[in-house]
Peer 1: 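This is the structure, below, for whatever I ask next.
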Amino acid sequence: MARDDIPAERIHDVHGGESSAGRYVLYWMQQAQRADFNHALELAVRRANERRLPVVVGFALDAGFPEANLRHFTFMTEGLRGTAQTLERRGIHFVLRAGVPEAVIPELAREAALLVMDRGYLRLQRQWRQAVADAVACPVVEVESDVVVPVEVASEREELAARTLRPKIRRNLERFLRPVATPPVAESAKSGAPAGLDPAAPKALLRGLRINRSVGPAPGWEGGAAAARQRLRAFVRHGLDRYAEGRNEPADNIASGLSPYLHFGQISPVEVALAVRERRSEAPDAVQAFLDELVVRRELSMNFVWHNPRYDQYEGVPAWARETLERHRGDPREATYTEEELAQGRTADPYWNAAQRQMVAGGKMHGYMRMYWGKRLIEWHRHPADAFRIALRLNNMYELDGRDANAFAGVAWCFGKHDQPWPEHPVFGKVRCMKPSGLERKFDMPRYLAANP
DNA sequence: ATCGGCTCGCGCAA
DNA sequence: TGCGCGAAGCCGAT
């Protein structure tokens with residue numbers, strides 16, 4: 001009964017249920033789409049071993065997931081293929097079914113002694129979990145495995161900025177920054193386990209589903225834990241040394257490139273943080289800077305979407321920012337563009353166009369350019385709420401890591417969230433502005449343009 | 001090239 | 001109550 005390696009603060013008993021009879025322990029995999037460093041999976045294994053029952057992992061593939069398209073589904077199902085293989089090798093059966101979780105999971109849970117689910121912070125993920133928990137008779141446990149420090153442990157309130165969350169994360173970091181043990185599975189899944197779709201061939205799988213195909217797969221990005229780990233190793237060995245000083249240079253791609261994998265839960269932030277921390281004596285500044293982004297700022301985004309029900313609307317940004325933006329609504333705009341012109345990167349700003357094209361073609365925009373890109377949209381719209389809506393829509397359509405808590409916090413930041421007031425400028429008011437001249441002053445922009453034709 | 005000022009609200013010291 | 005300081009700013013002065 002070695003449970004102590006899964007901190008109690010990661011585990012929430014949702015309800016006790018009616019009976020504990022059943023043929024297996026069901027783990028509904030949703031946010032943590034991986035077989036390693038997965039606290040929810042490992043809790044399911046421990047509880048199944050106690051009961052001498054096998055573990056079944058169920059996944060509901062919702063073809064109608066809001067704003068998801070072929071780009072996202074390709075990356076996600078590539079990941080599920082590897083996850084299924086790793087689970088089956090460990091004697092855990094993986095069941096993939098098409099449909100919304102509210103329909104798929106209660107069906108699978110009818111024969112379960114216990115339902116374990118992982119945790120998600122976005123509105124839809126919370127609604128899903130509520131609906132699933134309400135619909136199943138067996139006991140239900142929710143296990144957090146998407147952040148290093150569980151959101152409520154870090155802070156009970158909506159934090160103002162990174163600086164107010166940072167000390168709260170730091171004092172809890174050591175406690176949660178540890179690997180989780182992987183005990184052998186006592187009862188392997190046998191024949192008679194529930195049937196599902198074949199995850200081994202993602203392309204064939206997606207051909208059979210009615211998904212939005214308006215955006216194609218992102219070249220150069222292969223989904224899955226193996227690809228994620230390869231990137232992590234390369235970053236720890238070669239990228240980290242230049243990270244502290246070079247990560248903002250748009251023409252270089254010094255970042256880890258892990259955000260799509262983190263978004264789909266294909267790699268654990270705990271695994272990433274532990275691997276990067278190995279090098280803290282050789283590259284202390286880079287390790288510090290990276291962990292600040294991976295843990296403090298990423299988990300600030302979770303804090304934002306968890307505590308602010310308007311995280312995906314203009315109304316979610318602070319009052320001082322909205323007031324100052326409103327006051328400047330009458331300021332002349334240098335240009336306005338249709339959504340199509342924006343999507344195609346056909347504005348008068350070559351840097352913005354290059355950033356847009358980088359995102360459309362490659363599925364990921366450089367981190368610094370994401371800020372500039374969002375700031376410029378404010379300048380090109382009569383009302384900041386329109387800019388907010390379009391920024392989110394474009395981001396979520398083309399970014400592999402779109403629709404992430406970080407996507408919502410990142411867009412909101414451009415409008416003043418998690419930031420402070422600055423001297424007044426036209427259109428922006430006291431919200432921090434960013435101008436093309438700033439890019440030219442600091443970075444090698446001709447090289448960025450050449451890299452994103 | 002580098003530096004201070006701009007502006008708001010929190011967290012801490014007093 | 002006062003003071004320092006912050007997710008990547010700009011601008012003008014030196």
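Naming: A, B, ... by sequence-line order, numbering from 1 per chain.
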Peer 1: Whole-Å distance between C/dA7 P and A/K417 NZ?
Peer 2: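 Rounded to whole Å, this separation is 13 Å.
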Peer 1: Quick one: side chain to side chain contact (heavy atoms under 4.5 Å, CB included) partners of A/R229, sequence neighbours excluded?
Peer 2: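 Scan of A/R229 (side chain to side chain contact (heavy atoms under 4.5 Å, CB included), adjacent residues dropped) gives A/D36, A/A225, A/R233, A/E271.
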Peer 1: Between A/R370 and A/W352, is NZ or CZ placed under 6.0 angstrom from the six-membered ring centre and within 45° of the ring axis?
Peer 2: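 Verdict for A/W352: no cation-pi partner in A/R370.
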Peer 1: Within residues 374-383 of chain A, which residues have any heavy atom lying less than 4.0 Å from an atom of DNA chain C?
Peer 2: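 Result for residues 374-383 of chain A: none.
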Peer 1: Between atom CD in A/Q420 and atom C1' in B/dC10, what is the gap in whole Å?
Peer 2: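 These atoms are roughly 12 Å apart.
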Peer 1: Got a salt bridge between A/E42 and A/R46, using NZ or NE/NH1/NH2 to carboxylate O under 4.0 Å?
Peer 2: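 So A/E42 pairs with A/R46 through a salt bridge.
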Peer 1: My understanding is that only residues two or more places apart in sequence, or in another chain, count here; which of them pass ring-ring contact (aromatic ring centres under 6.0 Å, His included) with A/F59?
Peer 2: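 Checked A/F59 against ring-ring contact (aromatic ring centres under 6.0 Å, His included); zero matches.
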Peer 1: Less than 4.5 Å apart, any side-chain heavy atom of A/Q288 and any of A/R280?
Peer 2: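 When only atoms from C-beta onward are counted, A/R280 and A/Q288 do not touch, as no gap falls below 4.5 Å.
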Peer 1: Below 3.5 Å is the cut-off: list the nitrogen or oxygen pairs between protein and nucleotides 12-14 of chain B, distance only.
Peer 2:
none

Peer 1: Do A/E102 and A/W128 have side-chain atoms, one donor and one acceptor, less than 3.5 Å apart?
Peer 2: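 Present: a donor and an acceptor within the cut-off.
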Peer 1: Starting from the C-alpha separation in whole Å, work towards a yes-or-no answer on side-chain contact (heavy atoms from CB on, under 4.5 Å) for A/H15 and A/V136.
Peer 2: CA-CA 10 Å; A/H15 68 66; A/V136 303; 4.3 Å; yes
Peer 1: In whole Å, what is the span from the CZ atom of A/R327 to the C1' atom of B/dT7?
Peer 2: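 My rounded result for the distance is 13 Å.
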Peer 1: What is the distance, to the nearest angstrom, from the CZ atom on A/R166 to the P atom on C/dC5?
Peer 2: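 Nearest whole value for this atom pair: 14 Å.
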Peer 1: A/A8: which residues meet the side chain to side chain contact (heavy atoms under 4.5 Å, CB included) condition with it, sequence neighbours left out?
Peer 2: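 Scan of A/A8 (side chain to side chain contact (heavy atoms under 4.5 Å, CB included), adjacent residues dropped) gives none.
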Peer 1: Between B/dC3 and C/dC5, how far apart are the P atoms? Round to whole Å, please.
Peer 2: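 So the two P atoms sit 16 Å from each other.
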Peer 1: What is the separation between atom CG on A/L294 and atom P on C/dA7, rounded to the nearest whole Å?
Peer 2: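 That distance rounds to 17 Å.
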Peer 1: Nearest whole Å is fine: how far is B/dC8 P from A/D419 CG?
Peer 2: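 For the pair A/D419 CG and B/dC8 P, the rounded distance is 13 Å.
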Peer 1: Which pairs pass ring pair (Phe, Tyr, Trp, His ring centres under 6.0 Å) with one or both residues in residues 321-343 of chain A, sequence neighbours excluded?
Peer 2: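 Every ring pair (Phe, Tyr, Trp, His ring centres under 6.0 Å) pair that includes a residue of residues 321-343 of chain A, provided the two are not neighbours, is A/Y337-A/W380.
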Peer 1: Does A/E156 CD have over 12 foreign heavy atoms under 6.0 Å away?
Peer 2: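 Check fails, neighbour count at 12 or below.
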Peer 1: If you look only at pairs with a residue in residues 432-453 of chain A, which of them pass as a ring pair (Phe, Tyr, Trp, His ring centres under 6.0 Å), with sequence neighbours excluded?
Peer 2: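 Passing the test, one end in residues 432-453 of chain A: A/Y368-A/F443.
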Peer 1: In whole Å, what separates the P atom of B/dC10 from that of C/dG9?
Peer 2: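 Nearest-Å result for B/dC10 against C/dG9 at atom P: 24 Å.
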Peer 1: Any ring pair (Phe, Tyr, Trp, His ring centres under 6.0 Å) pairs touching residues 417-440 of chain A, not counting sequence neighbours?
Peer 2: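 Counting only pairs at least two positions apart or across chains, the ring pair (Phe, Tyr, Trp, His ring centres under 6.0 Å) contacts touching residues 417-440 of chain A are A/F304-A/H418.
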Peer 1: Name the nucleic acid region contacted by A/R370, choosing base, sugar-phosphate or nothing; use a 4.0 angstrom heavy-atom cut-off, strictly under.
Peer 2: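 If one applies the 4.0 Å heavy-atom cut-off, A/R370 turns out to touch nothing in the nucleic acid.
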Peer 1: With a 4.0 Å cut-off, would you call A/K430 and A/E323 a salt bridge?
Peer 2: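 Answer for the salt bridge query: no.
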Peer 1: Take atom P in C/dA7 and the same atom in B/dT2, then report the distance between them in whole Å.
Peer 2: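 Their P atoms lie roughly 23 Å apart.
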Peer 1: Do A/R129 and A/W28 form a cation-pi contact, if we require the NZ or CZ to be under 6.0 Å from the six-membered ring centre and within 45 degrees of the ring's axis?
Peer 2: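 Relative to the ring axis of A/W28, which defines the angle, A/R129 lies inside both limits.
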Peer 1: Pick the P atom in B/dT7 and in C/dT1, then give their distance to the nearest Å.
Peer 2: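 So the two P atoms sit 23 Å from each other.
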Peer 1: With sequence neighbours left out, write down each residue that passes side chain to side chain donor-acceptor pair (under 3.5 Å) with A/Q266, or none if nothing qualifies.
Peer 2: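 For A/Q266, no residue satisfies side chain to side chain donor-acceptor pair (under 3.5 Å) once neighbours in sequence are set aside.
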Peer 1: Output the rounded distance in Å from CZ (A/R322) to P (B/dC8).
Peer 2: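 It is 16 Å, rounded to the nearest whole Å.
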Peer 1: Think A/R231 forms a cation-pi with A/W221, using NZ or CZ under 6.0 Å from the six-ring centre and within 45 degrees of its axis?
Peer 2: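 Judged by the rule, A/R231 and A/W221 form a cation-pi pair.
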Peer 1: Could you give the CZ-to-P distance, from A/F415 to B/dC8, as a whole number of Å?
Peer 2: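 Roughly 20 Å, once rounded to whole Å.
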Peer 1: If you check the A/K168 side chain, which of C/dA7, B/dG11, B/dT7 turns out closest?
Peer 2: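 The listed nucleotide nearest to A/K168's side chain is B/dG11.
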Peer 1: Sugar-phosphate atoms are those with a prime plus P, OP1 and OP2; base atoms are the rest. Using that split, label each nucleotide of nucleotides 9-14 of chain C B, S or - for protein heavy atoms under 4.0 Å, 5' to 3'.
Peer 2: BSS---
Peer 1: Represent DNA chain B in dot-bracket notation, 5' to 3'. Only Watson-Crick or G-U wobble pairs with both distances under 3.5 Å count; pseudoknot-style crossings use [ ] and interstrand partners use |.
Peer 2: ||||||.||||||.
Peer 1: Test your reading of the model: is there a side-chain donor-acceptor pair from A/Q31 to the backbone of A/H263, 3.5 Å cut-off?
Peer 2: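 Yes.
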Peer 1: Identify, residue by residue, the members of residues 147-160 of chain A with a heavy atom below 4.0 Å from DNA chain B, and return them in order of residue number, or none.
Peer 2: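 Residues of residues 147-160 of chain A under 4.0 Å from DNA chain B: A/R157, A/L160.
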Peer 1: Reckon A/E293 touches a base, only the sugar-phosphate, or nothing at all at heavy-atom distances under 4.0 Å?
Peer 2: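 Contact class for A/E293: base.
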